[in-house]
Trainee: 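The structure follows.
Just so it is clear, the values below take in all heavy atoms, side chains as well, and ignore hydrogens, waters and symmetry mates. Counting from 1, the numbers follow the sequence of the chain as shown.
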Amino acid sequence: MYVGIDVGTSVVKAAAFDSGGRQLAVESRPVELSLHGGFVEQDMDEVYGAVVDVLGKLTGRVPEPVELAGLTGQGDGVWLVDREGRPVRSALSWMDGRAHQLLDQWLADGTFETVFRRTGGAMFPGSPGPLLAWLDRYDPKSLDAAAAAVYCKDMVFQRLTGAARATTDVSDASMPFLDPRTRSYDNRVVELLGLTRRRRLLPPVGDPITTGEAREGLPSGTRISNGPYDLPACALGAGVTEPGDGLLIVGTCLAALVATTELDLSGEPAGLYISTDRHGHRLRAMPAMVGTAALDWVLSTTGVTHAEVDELLASTPPGAHGVRVLPYFAPSGERAPFVEPHLRAELTGVSLETTPADLIRATCEGIGYAARHCLEAAGLTGSLAVCGGGTRSSAWMQLLADVLGRPLRVVEGEVGARGAVLAAAERYGVSLDTGVWTEPTAVVEPDPARSAYYSKGFQEHVGRLDVARGRPGR
């Protein structure tokens with residue numbers, strides 16, 4: 001069997017697949033997030049313990065030889081480790097907001113845009129550049145004690161394999177220090193962020209992805225590869241590799257990804273270019289903060305359960321009786337397809353006659369418009385796959401197809417873990433039928449009449465968004 005490990009922000013999962021890509025079993029374990037005053041941190045030992053635990057349970061349930069394993073996980077943040085991969089302090093999550101004032105400063109003085117023009121990465125508070133700069137100012141002892149500032153999967157890989165030093169891969173390194181043309185660190189960006197004296201903390205980039213043999217969690221000697229991180233892993237797992245094809249991950253946050261061989265560093269700085277193991281091939285990524293968390297807030301506020309969503313979406317028409325939602329509920333604002341740290345959600349058209357169904361449909365429509373905005377900015381021209389927790393709602397998938405005006409290739413199961421296995425197989429020269437492994441579960445076709453309605457609605461959404469961003473009449 002083949003094992004994919006996905007070290008998520010709130011859940012760690014391990015999935016077993018047979019040689020034809022059939023998912024045999026999944027084990028998962030939640031991990032805690034510590035949130036306090038805009039700081040969002042994770043206990044690295046807890047995360048690593050969860051990985052070992054789910055792997056033990058998985059291999060116990062499916063007692064077949066493990067051919068190879070692929071590792072993926074959450075990106076961004078800062079995971080400071082010593083020479084053995086042990087934590088120096090708690091990990092700073094990609095959700096962390098402590099560096100927002102630094103980012104505001106860089107937005108104002110042009111540093112933010114300069115970095116984007118060099119690397120194609122639009123920094124946000126939880127990306128490594130701002131977080132490392134914050135640590136250098138306010139917690140320098142942690143940086144002094146660390147051997148490397150890595151990413152989540154890199155910490156796990158070093159400890160699973162006992163590697164002598166920490167490494168990362170080109171996908172995780174893409175934000176914000178990697179030059180996408182040379183696939184090496186841009187020392188001028190390090191200098192611009194005031195981190196020259198911390199340059200030693202940036203781990204070597206495995207290009208192609210680093211491999212090793214497991215010493216813990218998996219049968220001793222199991223071949224394992226480190227990467228890519230979860231967004232490009234999901235693209236692989238959904239079969240998104242041809243230029244112009246895209247993936248929409250409908251999770252706590254939306255992530256729009258489009259495969260490309262182009263590198264355009266002009267236009268409004270937003271999102272990032274994710275380098276892949278295929279030289280010259282990248283993913284134009286627009287990982288938004290908006291996502292199912294916005295719907296969860298509305299459900300909690302209205303007292304509606306997830307099980308009721310499909311029925312309520314069917315009970316109110318497109319347009320939700322005039323209710324409109326700009327679904328930017330994240331405390332850190334938005335990061336794609338634009339960067340506005342102080343943007344907040346807006347609900348309009350609400351009256352005493354407004355029903356919970358109206359609020360829910362308007363929120364789902366608003367999230368759909370945000371997804372369309374991201375996909376258009378990322379350059380989608382081909383087919384579109386969709387995965388993530390949102391795919392469990394058939395009514396929402398139909399609404400998304402209508403709002404986006406294109407068929408959706410719905411890919412279910414552990415897509416990130418699947419992609420990690422495919423990356424490992426490619427790295428080790430193991431032949432797997434990627435077409436079979438990435439076959440969609442279903443294809444949802446848009447309704448032409450509703451798509452025409454939503455096309456106009458999208459233009460109205462962009463207009464309201466411009467006003468909210470202080471850019472009316474742009």
Trainee: Of all the heavy-atom pairs spanning Val290 and Ala370, show the shortest one and how long it is.
Mentor: CG1-CB, 3.8 Å
Trainee: Holding to side chain to side chain contact (heavy atoms under 4.5 Å, CB included), I want the full list of residues that pass it with Arg450, two or more places apart in sequence or in another chain.
Mentor: Pro318, Gln398, Asp402, Asp447, Tyr454
Trainee: I want to check something: taking the side chain as every heavy atom from C-beta on, are Ser451 and Pro446 in contact at a cut-off of under 4.5 Å?
Mentor: yes
Trainee: Would you please name every residue forming a ring pair (Phe, Tyr, Trp, His ring centres under 6.0 Å) with Phe177, sequence neighbours left out?
Mentor: none
Trainee: Do Asp172 and Asp169 touch side chain to side chain, with heavy atoms closer than 4.5 Å?
Mentor: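 In short, these two side chains touch, coming nearer than 4.5 Å.
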Trainee: What's the spacing between His281 NE2 and Leu283 CG if we round to 0.5 Å?
Mentor: 11.0 Å
Trainee: Compare all side-chain heavy atoms of Tyr229 with those of Ile274 and state whether any distance is below 4.5 angstrom.
Mentor: yes
Trainee: Could you tell me the separation between the CE atom of Met289 and the CD atom of Glu340, rounded to the nearest 0.5 Å?
Mentor: 14.0 Å
Trainee: Students often mix this up, so state it plainly: with edges at 30° and 60°, are the rings of Phe329 and Trp297 parallel, tilted or perpendicular?
Mentor: tilted
Trainee: Is it true that Asp53 and Arg29 have a side-chain N and a carboxylate O under 4.0 angstrom from each other?
Mentor: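 So Asp53 pairs with Arg29 through a salt bridge.
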Trainee: Determine yes or no for a side-chain-to-main-chain donor-acceptor pair under 3.5 angstrom, with Asp154 supplying the side chain and Tyr151 the backbone.
Mentor: yes
Trainee: Out of curiosity, Ile249 CD1 to Leu254 CG, how far, rounded to the nearest 0.5 Å?
Mentor: 9.5 Å
Trainee: Run through Leu33, Val78, Leu131 and flag the one making a side-chain contact (heavy atoms from CB on, under 4.5 Å) with Asp96.
Mentor: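 That would be Leu131.
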Trainee: Could you check if a side-chain atom of Lys153 sits within less than 4.5 angstrom of a side-chain atom of Thr168, using non-hydrogen atoms only?
Mentor: yes
Trainee: Rounded at 0.5 Å granularity, tell me how far OG1 in Thr260 sits from CD in Glu242.
Mentor: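 The distance works out to 12.0 Å.
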Trainee: Would the distance check show the side chain of Trp437 and the main-chain N or O of Ser19 forming a donor-acceptor pair, the cut-off being under 3.5 Å?
Mentor: yes
Trainee: Kindly compute the distance separating CG (Leu202) from OG (Ser184), expressed to the nearest 0.5 Å.
Mentor: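 So the CG of Leu202 and the OG of Ser184 are separated by 11.5 Å.
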Trainee: Can you check whether Thr434's main-chain N or O pairs, donor with acceptor, with Thr438's side chain at less than 3.5 Å?
Mentor: yes
Trainee: For residues Val443 and Pro440, report the shortest heavy-atom separation together with the two atoms involved.
Mentor: CG2-CG, 4.4 Å
Trainee: Excluding sequence neighbours, so at least two apart, what forms ring pair (Phe, Tyr, Trp, His ring centres under 6.0 Å) with Tyr369?
Mentor: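 For Tyr369 the ring pair (Phe, Tyr, Trp, His ring centres under 6.0 Å) partners, ignoring immediate neighbours, are His461.
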Trainee: I would like to know whether Trp396 and Thr292 meet side-chain contact (heavy atoms from CB on, under 4.5 Å); could you show each step before the answer?
Mentor: CA-CA 11 Å; Trp396 195 6; Thr292 60; 3.8 Å; yes
Trainee: Main chain of Met123, side chain of Ser127: is a donor-acceptor contact present, judged purely on distance under 3.5 Å?
Mentor: no
Trainee: Using the ring centroid of each side chain, check whether Trp94 and Phe124 are separated by less than 6.0 Å.
Mentor: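 No; Phe124 has its ring centre 6.0 Å or more from that of Trp94.
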Trainee: Using side-chain heavy atoms (C-beta onward) and a distance below 4.5 Å, is Asp76 in contact with Pro128?
Mentor: yes
Trainee: Before accepting this row, confirm whether a basic side-chain N of the pair Arg117/Glu113 lies closer than 4.0 Å to the acidic partner's carboxylate O.
Mentor: yes
Trainee: Quick one: which of Thr119, Leu178, Asp264 gives a side-chain contact (heavy atoms from CB on, under 4.5 Å) with Tyr273?
Mentor: Asp264
Trainee: Pairs of donor and acceptor atoms involving the side chains of residues 208-216, under 3.5 Å and at least two apart or interchain, shall be tabulated with distances.
Mentor:
unit_1: Thr210; atom_1: OG1; unit_2: Thr167; atom_2: OG1; d: 3.2
unit_1: Glu216; atom_1: OE1; unit_2: Tyr48; atom_2: OH; d: 2.7

Trainee: Can you list the steps and then say if Met1 with Val66 is a side-chain contact (heavy atoms from CB on, under 4.5 Å)?
Mentor: CA-CA 5 Å; Met1 68 176 173; Val66 180; 3.7 Å; yes
Trainee: Examine distances only and state if a side-chain atom of Asp179 and a backbone atom of Arg183 form a donor-acceptor pair shorter than 3.5 Å.
Mentor: no
Trainee: How far does OG of Ser34 sit from CD of Glu32, to the nearest 0.5 angstrom?
Mentor: 9.0 Å
Trainee: Answer yes or no: are there more than 12 heavy-atom neighbours, outside Glu426 itself, under 6.0 Å from its atom CD?
Mentor: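 No, CD of Glu426 has 12 or fewer neighbouring heavy atoms, counting only those of other groups under 6.0 Å.
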Trainee: List the steps, then state whether side-chain contact (heavy atoms from CB on, under 4.5 Å) holds for Val323 with Leu359.
Mentor: CA-CA 7 Å; Val323 179; Leu359 289 172; 4.2 Å; yes
Trainee: So does Glu412 get a backbone contact from the side chain of Thr441, meaning a donor-acceptor N/O pair under 3.5 Å?
Mentor: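 Looks like yes, one N/O pair under 3.5 Å.
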Trainee: Work out which heavy atom in Leu343 is nearest to a heavy atom in Ala468; give both atom names and the distance.
Mentor: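 Minimum heavy-atom contact is CD1-CB, 4.0 Å.
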Trainee: Given Thr276 and Val170, is the side-chain contact (heavy atoms from CB on, under 4.5 Å) satisfied, shown in steps?
Mentor: CA-CA 6 Å; Thr276 73; Val170 290; 5.7 Å; no
Trainee: Would you sort out whether Gln74 and Gln42 count as a side-chain hydrogen bond (donor to acceptor under 3.5 Å, both in side chains), showing the intermediate values?
Mentor: CA-CA 12 Å; Gln74 57 179 296; Gln42 287 195 282; 3.0 Å; yes
Trainee: Is there a side-chain contact between Val156 and Leu71, using heavy atoms and a 4.5 Å cut-off?
Mentor: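 Yes - at least one pair of side-chain heavy atoms lies under 4.5 Å apart.
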Trainee: Please lay out, stage by stage, how Arg361 and Glu365 fare under the test salt bridge (Lys or Arg N to Asp or Glu O under 4.0 Å).
Mentor: CA-CA 6 Å; Arg361 173 171 275 277; Glu365 290 175 345; 3.4 Å; yes
Trainee: Do the non-hydrogen side-chain atoms of Val81 and Met44 ever get within less than 4.5 Å of each other?
Mentor: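 With C-beta onward as the side chain, the pair touches.
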Trainee: Output yes when a side-chain donor or acceptor of Thr72 lies under 3.5 Å from a complementary backbone atom of Asp6, and no otherwise.
Mentor: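 Judged by distance alone, no pair lies under 3.5 Å.
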Trainee: Please indicate whether Glu311 has more than 12 foreign heavy atoms, meaning atoms of other residues, nucleotides or ligands, lying under 6.0 Å from its CD.
Mentor: no
Trainee: Do side-chain atoms of Arg335 reach the backbone of Gly271 as a donor and acceptor pair under 3.5 angstrom?
Mentor: no
Trainee: Main chain of Arg118, side chain of Arg181: is a donor-acceptor contact present, judged purely on distance under 3.5 Å?
Mentor: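 Yes, Arg181 side chain to Arg118 backbone: donor-acceptor pair under 3.5 Å.
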Trainee: Could you tell me whether the side chains of Ser393 and Asp310 share a donor-acceptor contact shorter than 3.5 Å?
Mentor: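 There is such a pair (donor and acceptor under 3.5 Å, judged by atom type) between the side chains of Ser393 and Asp310.
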Trainee: Indicate yes or no: at least one non-hydrogen side-chain atom of Arg464 is less than 4.5 angstrom from one of Val462.
Mentor: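 Side-chain contact under 4.5 Å: no.
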Trainee: Would you verify whether the NZ or CZ of Arg469 falls within 45 degrees of the ring axis of Phe338 while also being under 6.0 Å from that six-membered ring's centre?
Mentor: yes
Trainee: Under the salt bridge (charged side-chain N to carboxylate O under 4.0 Å, His left out) rule, what pairs show up with a residue in residues 273-285, not counting sequence neighbours?
Mentor: none
Trainee: So, for Leu400 and Leu408, which heavy atoms are closest and what is the spacing to 0.1 Å?
Mentor: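 Distance-wise, the nearest heavy atoms are CB-CD1, 4.0 Å.
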Trainee: If you take all heavy atoms of Gly368 and Leu404, which pair is closest and at what distance?
Mentor: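 In terms of heavy atoms, the two residues are closest at O-CD2, 4.0 Å.
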Trainee: Could you tell me which non-hydrogen atom of Phe116 sits nearest to which non-hydrogen atom of Ala122, and how far apart they are?
Mentor: CD1-N, 3.7 Å
Trainee: Using modelled atom types and a 3.5 Å cut-off, is there a donor and acceptor pairing between side-chain atoms of Tyr2 and backbone atoms of Ala425?
Mentor: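 Looks like no, no N/O pair under 3.5 Å.
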Trainee: Sequence neighbours left out, what passes side chain to side chain donor-acceptor pair (under 3.5 Å) with Asp433? Give chain and number order.
Mentor: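 Asp433: no side chain to side chain donor-acceptor pair (under 3.5 Å) contacts found.
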